[in-house]
Undergrad: 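Below you will find the structure I want to go over with you.
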Amino acid sequence: MVAIKDALSKDHVGKKVQVKGWIYRTRSSGGIVFAVLRDSTGIIQVTVKKGNVPDAEFENATKSGIESSVIIEGEVAEDKRAPGGFEIRASKFQLVGIAEAFPITEYQSTELLLDLRHLWIRSREQTAVAKVKAALVRGGREWFHDNGYVEVNPPIVTGVCPEDSTTLFQMKYFDRIAYLSQSAQFYLESLIFSLEKVYAITPSFRAEKSRTPRHLAEFWHMEMEAAWLDNDENMKVQEGLVSAMVQNVVAECSEELRLLKRDPASLKKMEPPFDRMKYDEAMEYLQKKGHDVSWGSDLGAVEERTLTVDRDTPVFIVNYPKELKPFYMKENPEDKRTYKNSDLLAPEGFGEIIGGSERETDNNLIIERLREKGESLDNYQWYLDLRKYGSVPHSGFGLGIERIVTWVCKLEHIRDAIPYPRTVARVYP
RNA sequence: GCCGUCGUAGCUCAGCCUGGUAGAGCGUCCGCCUGUUAAGCGGAAGGUCAACGGUUCGAAACCGUUCGACGGCGCCA
């Protein structure tokens, strides 16, 4: 058995091969059937001529529609008339599983593709995205490993979360209520006191009723937390990690990038350091560009686009006003109106992929901020404990894996960065 | 939560404004075709026009309500 990608080469010309796959396109012309065969590695045209295979097999070839699974044996030939320049001239056509009329045809609506997601994920684009995503994650894991980070497994079912409690998914947990995790941050913070440098890759859940091309209710979260790390060092970790992830895609996914129409040269530029822009500078820049913003304004989708649309590498926006960010961030001693934090925005208008900060170590400040928000301290006792027993300066961040996939694959919508996107309107299939 | 668009054949859509017996392309089925490129030619089947209510002699069309989907904003990663 030969992978289709490998059959498409001069090495195999004149040789007999066996390939297994699914029919991607098919046309017949009386005594000859042209079937384009797809496997996980690529596509190749197969020609089945009457007389070259047993009559019963030829009959099967004429009636096998798109997505029928087949095993083909035949000789590889170079032929300009074949898509891709090579074809297999079948001497055996074994129909394994005949396909009913495939519901996804030339013209498709977004709605249909979402309803038939379990079939649409067979598409070449979805396959390429899945491979790029795997390469990104593997690149990230290797970078963490090479830099002394330990992968840990925080809980998904939790009693308390770092974000706004109105956006938590509630679940019945025996005879009480629990929540699906929005972030592993607090648990990672607890683990740095022994492991010092940790990371986790987990699903995170947000019950935000967001209807945007950047939001999922369930997304994969790559989070890191490290002791003895300040916010500047935190940004160095982020740019090192993101660069390594992207470079791994460049190294391993040239075919997928071609299919996705993403120029690898544009990704090769992702090398540290990334630009840093203070929040104040971002505001000035936006005002110059005609945005109606002032100090204290949040950066919305439109603002992020303006900040990144003309860039070809990511940019950190540093030191946001406190009121725009959560309570656990470290106050910036140089401007007490702000935190020691950063958001990393992907270039070309894609926007935020990472949010990170140095963490507040002063329990009094944390308690004060929680009280201002009207939070019950009871839920946070264990978190406050972390500052009581040998507290250290530390920082961390969360990276949205589907966000980075969307950017690297140049996708129009984040839902195509995951096989089964979970959004307000979709939990099926 | 807010703003917008849409729902007609298996799929993609036209028809709606200006009410009068439901259309096209693709797919499917049948026939022809030994070099097609999501081929070509001929034929056939296929519709409770999202649902409910109203206006009207007459509603896919006009009005209302509901449901569903999609696009955008906010929130975030």
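In what follows, chains are A, B, ... by sequence order, proteins preceding strands, each numbered from 1. Bear in mind the structure is a predicted one, so any value in this text is a computation, not a measurement. Keep in mind that the numbers below use all heavy atoms, side chains included, and drop hydrogens, waters and symmetry copies.
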Undergrad: When the side chains of residues 97-116 of chain A are checked against the rest of the protein, which donor-acceptor pairs come out under 3.5 Å, sequence neighbours left out?
TA:
| from | atom 1 | to | atom 2 | distance (Å) |
| --- | --- | --- | --- | --- |
| A:Gln108 | NE2 | A:Thr105 | O | 2.8 |
| A:Ser109 | OG | A:Leu112 | N | 3.1 |
| A:Asp115 | OD1 | A:Arg426 | NH1 | 2.6 |
| A:Asp115 | OD1 | A:Arg426 | NH2 | 3.2 |

Undergrad: Does any donor atom in the side chain of A:Ser254 or A:Arg258 lie under 3.5 Å from an acceptor atom in the other side chain?
TA: no

Undergrad: Taking CG in A:Asp146 as the centre, count heavy atoms belonging to other residues, nucleotides or ligands within less than 6.0 Å. Is the count above 12?
TA: yes

Undergrad: So, is A:Thr47 near the phosphate of B:G35, with a side-chain N or O under 4.0 Å from OP1 or OP2?
TA: no

Undergrad: Could you tell me which nucleotide pairs with B:A69 by Watson-Crick or G-U wobble geometry, both distances under 3.5 Å, or answer none if nothing does?
TA: B:U5

Undergrad: For A:Phe219 and B:A77, what is the distance between atoms CZ and P respectively, to the nearest whole Å?
TA: 7 Å

Undergrad: Which atom names give the shortest non-hydrogen contact between A:Ser357 and A:Met329, and what distance separates them?
TA: OG-CG, 3.3 Å

Undergrad: Shorter than 3.5 Å, N or O on both sides, protein versus nucleotides 38-40 of chain B: list them out with atom names.
TA:
| from | atom 1 | to | atom 2 | distance (Å) |
| --- | --- | --- | --- | --- |
| B:A38 | O4' | A:Arg25 | NE | 3.2 |
| B:A39 | OP2 | A:Arg27 | NH1 | 2.9 |
| B:A39 | N6 | A:Ser28 | O | 2.8 |

Undergrad: Is it possible for you to check whether A:Arg403 lies under 6.0 Å from the centre of the six-membered ring of A:Trp220, through NZ or CZ, and within 45° of that ring's axis?
TA: no

Undergrad: Could you pick out which residue, A:Arg89 or A:Gly398, lies toward the 5' side of RNA chain B when each is mapped onto its nearest nucleotide?
TA: A:Arg89

Undergrad: So which nucleotide does B:G64 pair with, by the Watson-Crick or G-U wobble rule with both distances under 3.5 Å?
TA: B:C52

Undergrad: Report the residue (A:Ile401 or A:Ser210) whose heavy-atom-nearest nucleotide on RNA chain B is the more 5′ of the two.
TA: A:Ser210

Undergrad: If we require ring centres under 5.5 Å and near-parallel planes under 30°, does A:Phe34 stack on B:G35?
TA: no

Undergrad: Which letter, B, S or -, goes with each nucleotide of nucleotides 65-72 of chain B from 5' to 3', with contact meaning a protein heavy atom under 4.0 Å?
TA: ----SBBB

Undergrad: Kindly indicate whether the side chain of A:Glu87 and the base of B:G35 share any N or O donor-acceptor pair separated by less than 3.5 Å?
TA: yes

Undergrad: Sort out the partner of B:C17 for me: Watson-Crick or G-U wobble, both distances under 3.5 Å, none otherwise.
TA: none

